[in-house]
Amino acid sequence: MSRKSGKYTFIPVLLTFVILGLVLAATLFFVSDIPTNGFAVNGDPAFDHSKENEFDFVESEGKNGVKYYVITRNSTQSTTAQPEDNGGQSSTSTPTVAATHSVNNSTTETTSSSSAEPAATTRTFKKAEEKTAYLTFDDGPSINTEKLLDVLDEYGVKATFFVIYHKNMEDKYKAIAERGHTIALHSYTHTYSKIYRTEKGYYQDLNKIHDYVEKLTGVDSKIIRFPGGSSNTVSRKYNKTIMKKLKKSVTQNGYVYHDWNIDSTDASGINRDPDLLVENVKAGLEKKKFVVDILMHDTGKSKTTTVEALPRIIEAVQAEGYKIEPLTIDCEPIQHNW
Ligand code: ZN
């Protein structure tokens with residue numbers, strides 16, 4: 001008798017849990033409306049945006065009109081990435097993962113003041129004599145490089161490309177230099193775990209991209225940008241004090257590192273709305289800094305809206321009275337001060 005009553009108590013309790021579980025699952029499904037079987041690109045430091053050219057992106061729309069991208073690793077692009085560089089995806093398999101892309105996501109990277117740290121070398125910089133804007137493109141070259149160069153030509157302005165290694169792109173590195181732009185160094189691998197674990201690892205990588213660029217273009221570049229910027233926090237995961245050391249030692253080794261003080265935010269998602277990129281640059285210009293360094297990216301399929309926005313970005317910069325110049329070794333750098 002007592003056994004029977006125990007059974008009768010157990011079943012309703014179980015049913016209650018099942019119903020509660022179903023209600024919770026349904027709520028999550030309708031509220032989030034975003035696939036959760038992948039990693040989020042926006043704001044997820046595990047996803048290294050410099051590797052975006054190794055993926056194909058198919059735009060999709062969720063039930064509440066939230067856009068997301070189905071990301072598939074493509075087989076034709078460079079695969080310098082190690083598994084840990086791309087959210088744990090193996091570079092040999094062809095996984096399909098869903099990534100969220102919130103359309104109205106606000107900027108995830110903050111800009112900084114332009115005050116520089118005291119330089120450890122005797123290098124002297126020329127102060128800009130007029131309002132000056134540097135257009136900077138990170139992580140290229142890519143299938144967009146040519147298009148970016150064409151837009152820049154159309155406006156008769158020169159930019160700066162902080163390049164990384166991509167295979168089968170030799171002509172694009174050359175085109176950047178031959179068409180009068182500054183080819184500067186970002187990283188060979190852009191793999192945080194390699195470059196920010198030890199100083200030795202950082203320099204091995206830097207020397208590799210330096211020599212690769214020099215071999216292709218003849219340019220002995222000493223202009224660099226740290227992956228993630230000098231204020232990045234991802235490096236702390238590998239070595240807590242590495243950025244402090246590197247900022248000092250690159251300067252002592254004759255390099256000049258540049259950050260930015262206007263972020264177009266094109267790296268904060270995949271093919272962000274070009275209007276938003278233009279608006280972000282305009283908002284940065286309104287802060288009326290004398291020298292601006294505008295961060296954009298040259299990463300192929302995921303950054304086609306950067307190409308789209310570039311004419312309006314150039315026009316906005318010029319309308320504010322800025323002269324657009326390429327970075328040179330004696331330009332006073334914009335450096336994040338934290
Ligand atoms: Zn980068």
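Each ligand, and each atom within it, is numbered from 1 in the order the structure gives. In what follows, residues are counted from 1 in the order of the sequence shown.
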Open item on the list: Parallel, tilted or perpendicular, judged at 30° and 60°: which one describes the rings of Tyr173 and Tyr212?
Closed with: perpendicular
- [ ] Please confirm if an N, O or S atom belonging to Asp138, backbone or side chain, lies less than 2.8 Å from the Zn ion (ligand 1).
- [x] no
Open item on the list: At less than 2.8 Å, would any N/O/S atom of His190, backbone or side chain, sit next to the Zn ion (ligand 1)?
Closed with: yes
Open item on the list: For Thr241 and Lys245, which I'm curious about, is there any donor-acceptor pair between the side chains at under 3.5 Å?
Closed with: yes
Open item on the list: Within the supplied structure, the quantity of interest is the number of heavy atoms (other residues, nucleotides, ligands) at a distance under 6.0 Å from Lys222 NZ; does it exceed 12?
Closed with: yes
- [ ] Among the N/O/S atoms of Asp139, select the one at the shortest distance from the Zn ion (ligand 1) and name it.
- [x] OD1
Open item on the list: With no hydrogens and no angle check, just 3.5 Å: does a side-chain donor-acceptor pair link His186 and Asp139?
Closed with: yes
